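Working notes for the structure below.
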Amino acid sequence: MKYQYQLSLSPEEAANQFKLKKAASRYGKIALRDINYVEILKRSIDARQRKVKINLKVDVYVKEDFTEKKILLPDYQDVRNKEEVVIIGAGPAGLFAALRCIELGFKPIILERGKDVKTRRRDLKALNIEHIVDEDSNYCFGEGGAGTYSDGKLYTRSKKRGDVERILKLLVGFGATPEIMIDAHPHIGTNKLPAIIARIRELIIACGGEVLFETRLTDILVLNNEIKEIRTLKGDRIKAKKIILATGHSARDIFELLYRKKIKIEAKAFALGVRVEHPQELIDKIQYKCDSRGEFLPPSPYSLVKQIGGRGMYSFCMCPGGIIAPCATAPGEVVTNGWSPSKRDQPTANSGIVVELKLSDFKNIEKNPLAAMEFQKQIEQKAWLEGGRTQKVPAQRLSDFTQGKVSENLPVTSYKPGITSTDLAKVFPGFIHKTLQTGFKEFNKSMRGFLTNDAVVHAPESRTSSPVRIPRNPYTFEHVQIKGLYPCGEGAGYAGGIISAAIDGERCAEKCIESFKNS
Ligand SMILES: Cc1cc2nc3c(=O)[nH]c(=O)nc-3n(C[C@H](O)[C@H](O)[C@H](O)COP(=O)(O)OP(=O)(O)OC[C@H]3O[C@@H](n4cnc5c(N)ncnc54)[C@H](O)[C@@H]3O)c2cc1C
């Protein structure tokens, strides 16, 4: 027999099968000797009370054997001689579009401006140590996309549980830990993601798909509002009637290309601010209300949101036990974001703290669909100047920042290229700076001790979502003006994060293939 229970246990009980059995026996009034196994189906941490609890949904196997359910990949077909779908970009959207194409019997051809996931690492090293920004190979560009060297947080606001579970299962099939199916806030970790991405590529190629690295799309030829051909920086001319455009939120040259070609795009509001770093120990103390979190609790995340003067200000992409990364995609700009290894075992916690922007914040918005992107770019360039014209970022201690004081000195941070003490008022327009100053004080009311000079503010966190939308028909997913163009993923404005980009990739592939069948 199998019974399903909701249990609320101490972290230690939740981590031990024998203690789990005892808890289930108590809860269900079942003899302990009759319980063969307690399987955890869902797990979340409840840190609202004085004592932290782990909430579990479990299946209890009573006088019945438990057999582990292996998650298998779908039956991918050989597609080498099948109809081709060209996909631009090998981020989560592009890769999952390719996998779906194969499942549905179509041959994906991926064009990716960056390098394979392993070779890409060398360019990240050069970025961190020598401050060299390769415009095709960096934290945003290259196999796996922007999410590859990330925390690999896999939660999403998507309400479509079915779609989310499908993506999680695929990730497990490609080598992610099955724990991601259980945790309320699953994450993979920077050290684990590259191998998963490489396995996805190997499968695509084994099935007859193609993945072309160092192949940057530079032109799209359109005749009578229909895609005819695409061109690459290397000079390839590829006949293509249908393309899935999944180039991410940092492909500014693609937005500029579409604008030049008079292909309809729209400015999109996004959020912008700073990345703040605290000692992880301090965050644990505040969140878990204890002196030390002990061995059974993970480094604590936090999530903060406030309305400040009519604008939302919130934590974004919080990385417990993580590192701040240099995420510029062109020389002359600095950008921050964060990542964590799977164990989240670094001594610092970082998070984007961003302010909601509105379309009315951008100059010439009525006439210029690139206005939000230009606003974003200007702040990144100002930060580059203030940081010292390298990949060093301008920074301030947190309390100093809220008081408008330049910090006399700065502690060591996880941001490898280095930081420069500056008044961040020089980087941000007044309304963003003031909102951040006020907001941090408000945050301190929710998390006492958060506002401290032991924390450091790094500027800017600017690539939170795409500053441009590439509009598409909500039913066919085809561009509203250009036949055969399928805007996809975060860059097109239809996703925000690894999971939602992967979901959008799958759906774009389905819609694109449907259109083949209808034509
Ligand atoms: C450091 C960092 C940490 C992050 N952490 C998380 C996290 O923990 N969880 C989460 O959900 N999200 C995270 N994100 C965000 C997440 O990575 C993105 O939401 C997601 O990758 C978007 O997927 P995408 O496929 O739409 O675009 P992208 O991942 O941006 O992929 C676009 C791809 O297109 C390629 N490309 C661009 N232009 C061209 C061109 N002209 N020709 C050919 N190829 C081109 C790029 O090289 C890139 O590989 C993080 C991002 C960064 C930078």
Side-chain angles (χ1 to χ4, degrees), residues 86-98 110-117 120 124 134-158 167 185-190 193 197 211-220 230-234 236 243-258 275 301 316-320 322-329 335-340 344 350-352 461-466 487-505 508:
V86 175
I87 299 167
I88 318 295
L95 289 173
F96 279 79
I110 303 184
L111 272 57
E112 166 56 56
R113 71 192 291 164
K115 299 175 187 168
D116 71 88
V117 73
R120 189 178 167 191
L124 301 186
D134 180 327
E135 285 180 272
D136 289 307
S137 182
N138 46 57
Y139 275 93
C140 292
F141 295 160
E143 188 182 22
T148 310
Y149 296 97
S150 77
D151 189 43
K153 281 180 284 293
L154 298 176
Y155 43 96
T156 164
R157 287 191 206 110
S158 170
I167 302 295
H185 286 166
H187 91 119
I188 293 185
T190 313
L193 268 163
I197 302 289
V211 184
L212 310 174
F213 292 116
E214 297 182 67
T215 307
R216 191 204 299 181
L217 173 79
T218 48
D219 203 1
I220 300 175
I230 54 172
R231 293 186 182 166
T232 73
L233 191 63
K234 291 195 275 193
D236 314 306
I243 64 167
I244 294 179
L245 187 68
T247 42
H249 61 22
S250 291
R252 288 180 176 157
D253 46 358
I254 290 294
F255 297 138
E256 282 159 358
L257 170 71
L258 299 179
R275 189 153 279 260
F316 170 81
C317 186
M318 196 271 148
C319 299
I323 299 258
I324 301 185
C327 293
T329 47
V335 179
T336 63
N337 205 311
W339 62 264
S340 314
R344 289 181 164 164
N350 68 71
S351 178
E461 170 88 23
S462 47
R463 308 276 175 98
T464 51
S465 71
S466 186
C488 178
E490 186 159 37
Y494 295 99
I498 296 169
I499 292 284
S500 58
I503 291 174
D504 201 53
C508 281

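This chain uses plain numbering: 1 for the first residue, then up along the sequence. Indexing begins at 1, ligand by ligand and atom by atom, following the structure's order. Quick caveat, the model's predicted, so the values are computed rather than measured.
- For the pair Arg113 and ligand 1, the shortest N or O to N or O distance falls below 3.5 Å.
- Within ligand 1, counting atoms from 1 as listed, the ones closer than 4.0 Å to a heavy atom of Ile88 are 42 (N), 43 (C).
- Nearest non-hydrogen protein atom to atom 18 (C) of ligand 1 is Glu490 OE1, 2.9 Å.
- Of all the atoms in ligand 1, the ones that sit under 4.0 Å from a non-hydrogen atom of Gly497 are 10 (C), 11 (O), 12 (N), 19 (O).
- Partners of Asp219 under the salt bridge (Lys or Arg N to Asp or Glu O under 4.0 Å) rule, at least two apart in sequence or in another chain, are Lys261.
- Contact detail for Lys115 and Phe213: the closest heavy-atom pair is C-CD2, 3.8 Å.
- Taking every non-hydrogen atom of Ala246 and a distance limit under 4.0 Å, the qualifying atoms of ligand 1 come out as 32 (C), 33 (C), 34 (O).
- Met318 and Pro301 make their closest contact through SD-CA, 3.5 Å (heavy atoms, listed as atom of the first residue, atom of the second, distance).
- Considering backbone and side-chain N/O of Ala325, none are found under 3.5 Å from N/O of ligand 1.
- Under a 4.0 angstrom heavy-atom cut-off, Gly142 registers as being in contact with ligand 1.
- The side-chain contact (heavy atoms from CB on, under 4.5 Å) test applied to Thr190 returns Tyr149, Trp339, not counting sequence neighbours.
- Residue contacts with ligand 1 for Ser500 are absent, since no atom lies close enough (heavy atoms, distance under 4.0 Å).
- At under 3.5 Å, not a single nitrogen or oxygen of Asn337, backbone or side chain, sits near a nitrogen or oxygen of ligand 1.
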